[in-house]
Amino acid sequence: MAKDNKTAINPRRDEDYPIWYQEVIKAADMAENSDVRGCMVIKPWGYTIWENIQKELDDMFKATGHKNAYFPLFIPLSYLQKEADHVEGFATECAVVTHHKLTKNSEGTLVPDGELDEPLIVRPTSETIIGATFSKWVNSYRDLPILINQWANVVRWERRTRLFLRTAEFLWQEGHTVHATKEEAVDETIKMLNVYKNFAEKVMAIPVITGEKSESERFPGAVSTYSIEAMMQDRKALQAGTSHFLGQKFAKASNIKFQSKDMQEEYAWTTSWGVSTRLIGALIMTHSDDNGLVLPPRIAPAHVVFLPIYKTDEERDTVLAFIEEIRAEIRGLGRYHERHLVADVDDRDMRGGEKNWNWIKKGVPLKVEVGMRDIEKNSLAVMRRDNPELKKDFIDRDEFVKNLHDTLDDIQNTLFERAKAYRDENTRTIDDKDEFEAYFTPENKDKPEIHGGFALSHWCGSVTCEEELKELKITIRNIPLDGKEEDGTCIHCGAPSKRRVVFAKAY
RNA sequence: CGGAAUGUGGCCCAGAGGCUAGGGCACCUGGUUUGGGACCAGGGGAUCGCAGGUUCGAAUCCUGCCAUUCCGACCA
């Protein structure tokens, strides 16, 4: 059993949340900082999670009629310049390519040479290059809609980076669509937002709030931006995905025009939407505990890991053969949701205890020890990672296989319900200004403890109030789509308001 | 970009102007072990973040730079 007074991850969440986060990543062997400033190396355990995210989302995109394509990494500087708000939003964080070769100087060191006539920027997002391409694809209303997605890397020269949450280069998908009417484009924006919500909640077991961003949090160049917002265990909000209605702004900037049925030349309506490797950060901070990563089965690189226990070579053969039989049966169970069941064996030659902790820290949903005693009793020593006490249960071997699908679903549900309960416990409807301020004020100013959460409060809609509330280090996360209209007064200025918004500290 | 802290084998840390830079974990070899982070013995591995400077002598003092972490500003 786990020692009562010791956890695998130090510090614990309540001691130092940011460091705990880094340690979980290190302990699970998911990623590390590279020699390139702000860029990470995603290691197999972390990358497989990304591959699983890709598989699931890609299916969802295909099911909603989207096709994948690929656009260039480089964007001519002049393209970025086409949409004024867009340039302004990204200008401060662009990597710029100015040369196309290297030559040796007199000291023999390599220096850039062959200056480009027009600098290229490394895409921070692809609206402009894709818009320029779409303008060539669209002539008639019959060409619409265009529903495209690309899986790619992008670069944003962030000043302050953190593994998975904000890195200079990151992996993502960006959907870009073109429509003949405003209504259709708005529908698309909301549809994809709901795809994200469904994915986050069903596959990653992360409860999210869908809503519209306030003007100041809007994507540069968008008419309206929507987000899914999740609560991390330090009660801060994390924007886990966005969907933008771009109106005709990019169509005008990139000249995406078509002839309508009644022979009019019209600008098209576009959308874009994306999620990134930041989702992995959300996953870590939603489910993990003081013993490391905890993975929902539907996204875990492996569902089950078997740890053989033996003394002699003879016993080893017996135990491994027993495990192989079970693995064959598990393979026979077919798919677990969209993916094949993955049941690995860890037969590395190392101490049992250490090996055990290894898998606990990696967050594999089910860890199964198999030794001679188990074989005699036809049972298995099973540990569910969602059990915070790391309790080991002895389960009949046949029952285990028969119930595997249900057990994994149960873990998946438990994690979702636990995360949802945590969020709900830390969400308050607040109408009193003093209460609001107290809610967001830590007791210890120098080293703030985990405090606050989400506040559902009225907001008059003015940028000034939003700005002044930043004193409390909070922002409006979004204006929930399922929020009802109700009369109230702005939590800050007291002006009349029709709607509650989500206030929180944020990543 | 401002403020603070840190940088010593793969990881964690000691060393505060003077012998060949230490220890724990990890790694390799041999042995004893093995159902919740084993033990014994032996062994390999470091241009002390980088570049200058001060000094007879620098991991240690000075200057600059770089990186990481935290706080802030900025930000899909």
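All values below were derived from every heavy atom in this structure, side-chain atoms included, with hydrogens, water molecules and symmetry-related copies excluded. Residue numbering restarts at 1 for every chain, and letters A, B, ... go by the order of the sequence lines. Predicted model only: the values in this text are computed from it and were never measured.
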S.K.: List every contact pair, protein side and nucleotides 38-48 of chain B side both N or O, where the distance is under 3.5 Å.
M.R.:
| unit_1 | atom_1 | unit_2 | atom_2 | d |
| --- | --- | --- | --- | --- |
| A38(B) | OP2 | R351(A) | NE | 3.4 |
| A38(B) | OP2 | R351(A) | NH2 | 3.4 |

S.K.: Using the P atom as the point on both nucleotides, what is the distance between G22(B) and G45(B), in whole Å?
M.R.: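 The same atom, P, in both gives a distance of 13 Å.
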S.K.: Throw together a table of side-chain donor-acceptor distances under 3.5 angstrom for residues 86-93 of chain A, partners on residues two or more places apart or in other chains.
M.R.:
| unit_1 | atom_1 | unit_2 | atom_2 | d |
| --- | --- | --- | --- | --- |
| H86(A) | ND1 | P220(A) | O | 3.1 |

S.K.: Counting side-chain heavy atoms from C-beta on, which of U68(B), G35(B), G36(B) comes nearest to W357(A)?
M.R.: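 The listed nucleotide nearest to W357(A)'s side chain is G36(B).
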S.K.: Say you pick atom C1' in A5(B) and the same atom in G49(B); how far apart are they, in whole Å?
M.R.: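 Going atom to atom, C1' in each nucleotide, I get 16 Å.
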S.K.: K26(A) side chain: which of U69(B), C11(B), G37(B) is closest?
M.R.: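 Given the options U69(B), C11(B), G37(B), the side chain of K26(A) is closest to C11(B).
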S.K.: Taking protein heavy atoms under 4.0 Å as touching, what does nucleotides 71-76 of chain B look like 5' to 3' if B marks base contact, S marks sugar-phosphate-only contact and - marks none?
M.R.: BSB-BB
S.K.: Using Watson-Crick or G-U wobble pairs with both distances under 3.5 Å, give me RNA chain B in dot-bracket, 5' to 3', with [ ] for crossers and | for pairs to another strand.
M.R.: ((((((((.[[[[.)..(...]]]].((((((.....)))))).....[[[[[..)....]]]]])))))))....
S.K.: Just checking L380(A): base, sugar-phosphate only, or nothing, at a heavy-atom cut-off of under 4.0 Å?
M.R.: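 Nothing, no nucleic acid heavy atom in range.
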S.K.: Look for any protein N or O under 3.5 Å of an N or O in nucleotides 4-9 of chain B and output each such pair with its distance, or none.
M.R.:
none

S.K.: Tell me, which pairs form a salt bridge (Lys or Arg N to Asp or Glu O under 4.0 Å) where one or both residues lie in residues 160-174 of chain A, sequence neighbours left out?
M.R.: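 For residues 160-174 of chain A: E158(A)-R166(A).
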S.K.: Please measure how far the C1' atom in G18(B) lies from the corresponding atom in C50(B), and state the result in whole Å.
M.R.: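 Nearest-Å result for G18(B) against C50(B) at atom C1': 25 Å.
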